[in-house]
Structure formats: structure tokens, C-alpha cells
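Contents: one structure, followed by commentary.
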There are 2 protein chains.
Amino acid sequence: MSSPDVPPADPAAEADRVPVTQRAIEQIKAMIADGTLRPGQRLPTERELAAELGLSRSSMREAIRALTTLGVLEARHGAGVYVTALRPADLLETFSVLAEVARGETLVEVLQVRRILEPAATALAAARADDDQLRRLGTVLERIGRDEGIGDTVAADLSFHQAIVEMTGNTTLAAINGGLSSRTFKARVWHGHHEAGVVARLREDHERIYRALLARDPDAARAAATMHVLEVENWLCAHLDDFA
Amino acid sequence: MSSPDVPPADPAAEADRVPVTQRAIEQIKAMIADGTLRPGQRLPTERELAAELGLSRSSMREAIRALTTLGVLEARHGAGVYVTALRPADLLETFSVLAEVARGETLVEVLQVRRILEPAATALAAARADDDQLRRLGTVLERIGRDEGIGDTVAADLSFHQAIVEMTGNTTLAAINGGLSSRTFKARVWHGHHEAGVVARLREDHERIYRALLARDPDAARAAATMHVLEVENWLCAHLDDFA
DNA sequence: CGAGTAGAAGTGGTCAGACCAATTTTTCCA
DNA sequence: TGGAAAAATTGGTCTGACCACTTCTACTCG
């Protein structure tokens, strides 16, 4: 039932199976989880940490690199290693790789998740947005679909959706939804609609969302957001071959 | 407008500001994004990669460690470095750190996201589940709230929710939702309800969800899932001080 | 001839020590 | 007393070595 070729029970050899670097990662992660290390706190130097945890500096650096990648640590050249603020945005930065390397069927799944999150977020935003946020959103909307190059349209598109989810006041929601859409994917969507001569439809999608927000109408906002994601989803399914 | 103390334009010095390890990470990530490296493909050895990208093996290893942490590469001791299958589950494993280190207000945000995702997922499951999946879900449900130790109840609770989101057939959705609930948090919820003598309420929440799925009733499933997450959310807000 | 095994080669994991580059702190002069 | 130069601190990179695990090879034995 248990692992083979393990004689009886093994006291210290058990921990010896797990690589030292991995062990260090888990030790530091545990110290953060149980509050021994607080957000923003400075850690000992790499050399001291290596000595305390009983491994070489190279391996210690690999552990720090892993935790840096996860967004829990931050190394500042010449100034030390620190625990990040542990904000959702810090910890969910890694999330964007999904949108970056996803292809084919996975992209469809990602859009289906967005079709769940964005309508809910947009409805929340309709209920919570203040005049100032809406005014700024209007200026972003104006940049979408103009004839000043697709590059700026894509940037404005990203800003538009990001601004809306941030209106919910839920930074975790904003970080997750932000990680689900990559600039490169949005660029392909706009290019595709441009070649098909239906850029106006995408532009109108955003206008409908904006008007629903202005009207503080959660139901209309939800519907408009759903239709927008659905539009992209349908386009993707029709061009799935190009995303192999 | 641009960065200060940069004389005119700088050709090669621009790339020299970016640490070599970071550059290697981006190069390999780009090769995966553009299809040069395919899922499951084997990479050259660390020594060869280091030589090709023009950096030392130590720095190359740190780059590989970062990409391993992100779930795009996988190093097998003695056997080489490989691109993972790039499944959503591979890329979203890092997601769990959020639930692990989150505390206080962030936990509330996480639950609010779950209150969006879980009802939608449960409604989808109600429409798509087959008899076999439902039968297995029933056996898991029986283990929830028994008097055989909270440990098994927590494990069954996790399995229950995971099984439901997997019924949607959307592995990305399953991976995201899975990362939003940690075993330790669920354990505290059950302990809290146990001490307050309201374990039955949690148990009934799960039964209601199960009955809605059996009835293939998406609306009822959505409502039951919403109420369940709300129950946990309310409990958390009442005990937020314990999660500082 | 084939199966199994022992050895060799290949490859990731760890360690040691050195030097470079950015930051911070200290020192000391104007 | 203010500020600039110098020293100390600390992360970033490189080199080269050795260990542990896997895979391949070739040999031996039935």
C-alpha cells in the first residue's frame, strides 16, 4: 500500500527525500502563513537565511526566486529581501501566464469563466460606481474603436474592463478578471473584427455597457456584459483553428 | 518624459539593465507562447540552455525555477527539463497561495468571488451532470457532518465542491474555484460552527445543493449554492477579528 | 537468442567561493 | 551643519566541482 523499497519506518530520511530548496520554500511560506513573517517585513540576508535553514546560498536563492515568482517575497538589489504587502494583486500576478500561453480549447474555457465573472462584476459596478469613476470611464470609452490604430483601441479596451471591475471595490475580483484577458488576445479579436468589417459591433458592445452603468441599472449592465463576452466567445469558436 | 540620466538613445545598454535571469525567463516564456516550444517537449540541458542564452548555469537554473513555479516547465531529476502539458490545472497551481496567506479583508473578497463563481458553476452542473457523477457525489455527501472527526468532514466538503465544479466540464473554472478555498480555512469554518452548535446548518446547505442537482434544477442549484457561500461569508464577517 | 543486470553516460540538485553592481550607512571635509 | 565621498552591506552573476537520479549500453547468463 505504501511506497516500495522503504524498509520499516524512516525518521530523518523522510525529510531527506524532499529537495532542500523545496523544503526552504515551504518553511518560509509557513512562516508567512502563520504570521511569523508579516507583510512588508524584511528578511535576513540571503547568506544568513542559508545558514539558518542549513543550505547553500545558491539553493537559498532558488527558494527566494520561487517565492518571488509567487508574489510573496520581493528582492531589492543591494537593499535586502522583503515580504510583499500580500495584496491580492501581488499574489495573482502569476495568473496572467494562463492567458499568455493558453491556446485552443483552453481559451474557450477562459472566456466561459469571464462570462461568469464580468457580468456579475459589471452589475456590481452599476450599483456602486460614483460619478467621478463614470466620467473617467467615459473618456476611456471614447478611445475605443477610433481610427487611430488598433494598438490604442486595445489599450483602451483593457483599461475599460479593468476600470469596471475595479469599481466593484473587490481587488481580488479585479486581479482575477484582469489575469483572464491578455493584450495579445484582445489584439487578435480587434484585428479579426476589423478584417470582417464588424468593428462597430464591438464598439457598440462597450457603449451599451457604459450606458447601463450610467443608468445605474445592474440588470442591464449584466446583460450587456454577457452579450459582449458572448460576442468574443462566438468569434473565437469560429476562428478556433487559428489558435492551435 | 522618458527616464532620467539616459543620455540619448541606448542600443544594447537597454537590455543590460534587465537582469540576465529575468531576460532568460521572458525568452523561454516567449518561445512557449509563440509555439516554438510545444507542450510536453523536452528542452536542452541546463548547461546547453545556459550557453545558448549566454548566461551561467546558476542563473539559468533560477530562470527554470521561476518557470517551474509558474507551472510551464517541469524539471525531472536526471531526466531533463520539459514543458508541462500547459493544462489550466498546471498553470493555476500557484493560485492556491492566495487562499493560504490571505487574511482579514482579503478573505472576504475571496468569498465574494466564490459567491459569483460557485452558484454559476453549480447551475451549470445541474444542467450537465450525468447519473454516475451524481451517484458518486451522494457518497461524498454522506461523509459531510458525520461524527467521525472534523478532519474527514473537511476532506469530504472539499471533494464535494470540487466534484461539482468538475461536472461543468470546464477545467479552468474548476482550477480557479479550487484555488479559492483552502483546507485550513474550511477547517476553521467547521470548527466554528461546531462550537456554536450549528453544524446541522452547514450540513443542510450541502443537502440542498445536492437535491437541486438531483432535480436537474439550475435555478434551485444556483440559489442553494449562493446561500451556502453566504452562510460562510456571514460567519467570517462575524469572526473577522480571529483572522487578523 | 533473449532477458535481465551491471556498468557507463547523461542530467538535474547541491555546494563552495569569488567578484560585480546597487543600495545604504558612515565618515569627514568645506 | 550640509553634503559629498568612501566604506560597508547586500542582492546578482559566474565558475567549477561533486552528488543523486535516470537512461542508455553492453555484457553475461540461462
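Proteins get letters first, then strands, A, B, ... in listed order; numbering begins at 1 in each. For clarity, every value in this text was computed on a predicted model and none was experimentally measured.
Side-chain proximity of A:R47 to the nucleotides C:dG12, C:dT23, D:dG11 is greatest for D:dG11. You'll find that the side chain of A:T21 is closest to C:dT14, out of D:dC14, D:dG11, C:dT14. If you check C:dT14, D:dT15, D:dG11 against the side chain of A:E46, the one that comes closest is D:dG11. With C:dT14, C:dT23, D:dG11 as the choices, the nucleotide that has an atom nearest any side-chain atom of A:A79 turns out to be C:dT23. Of the candidates D:dG12, C:dA16, C:dG12, the closest approach to any side-chain atom of A:S58 belongs to C:dA16.
In this model, a donor atom of one side chain and an acceptor atom of the other lie less than 3.5 Å apart for A:H206 and A:D157. Using modelled atom types, one finds a donor on one side chain and an acceptor on the other under 3.5 Å when comparing A:D34 with A:T36.
B:M60 has its CE atom 17 Å from the P atom of C:dT14, to the nearest Å. Regarding B:Y82, its OH atom lies at a distance of 11 Å from the C1' atom of C:dG12, rounded to whole Å. Nucleotide D:dT13 holds its C1' atom 13 Å from the CD atom of A:E62, rounded to whole Å. The interatomic distance linking B:R17 (CZ) with C:dT23 (C1') rounds to 15 Å, in whole Å.
Within the 4.0 Å cut-off from OP1 or OP2 of C:dG13, at least one side-chain nitrogen or oxygen of B:R61 is found. Within the 4.0 Å cut-off from OP1 or OP2 of C:dG10, not a single side-chain nitrogen or oxygen of B:T45 is found. For the pair B:R42 and C:dT11, the criterion of a side-chain N or O lying under 4.0 Å from OP1 or OP2 is met.
Across all their heavy atoms, B:T69 and B:T94 have their closest contact at O-CG2, 2.9 Å.
Side-chain atoms of B:R65 stay outside donor-acceptor range of the base of C:dG13, with no qualifying N/O pair under 3.5 Å. Contact annotation: side chain of B:R57 to base of C:dG13, donor-acceptor pair present below 3.5 Å.
Remark: B:R135 does not engage B:D131 in a salt bridge, criterion side-chain N to carboxylate O under 4.0 Å.
Among the heavy atoms of the strands lying under 4.0 Å from A:L55 are primed sugar atoms or P, OP1, OP2 only; no base atom is included.
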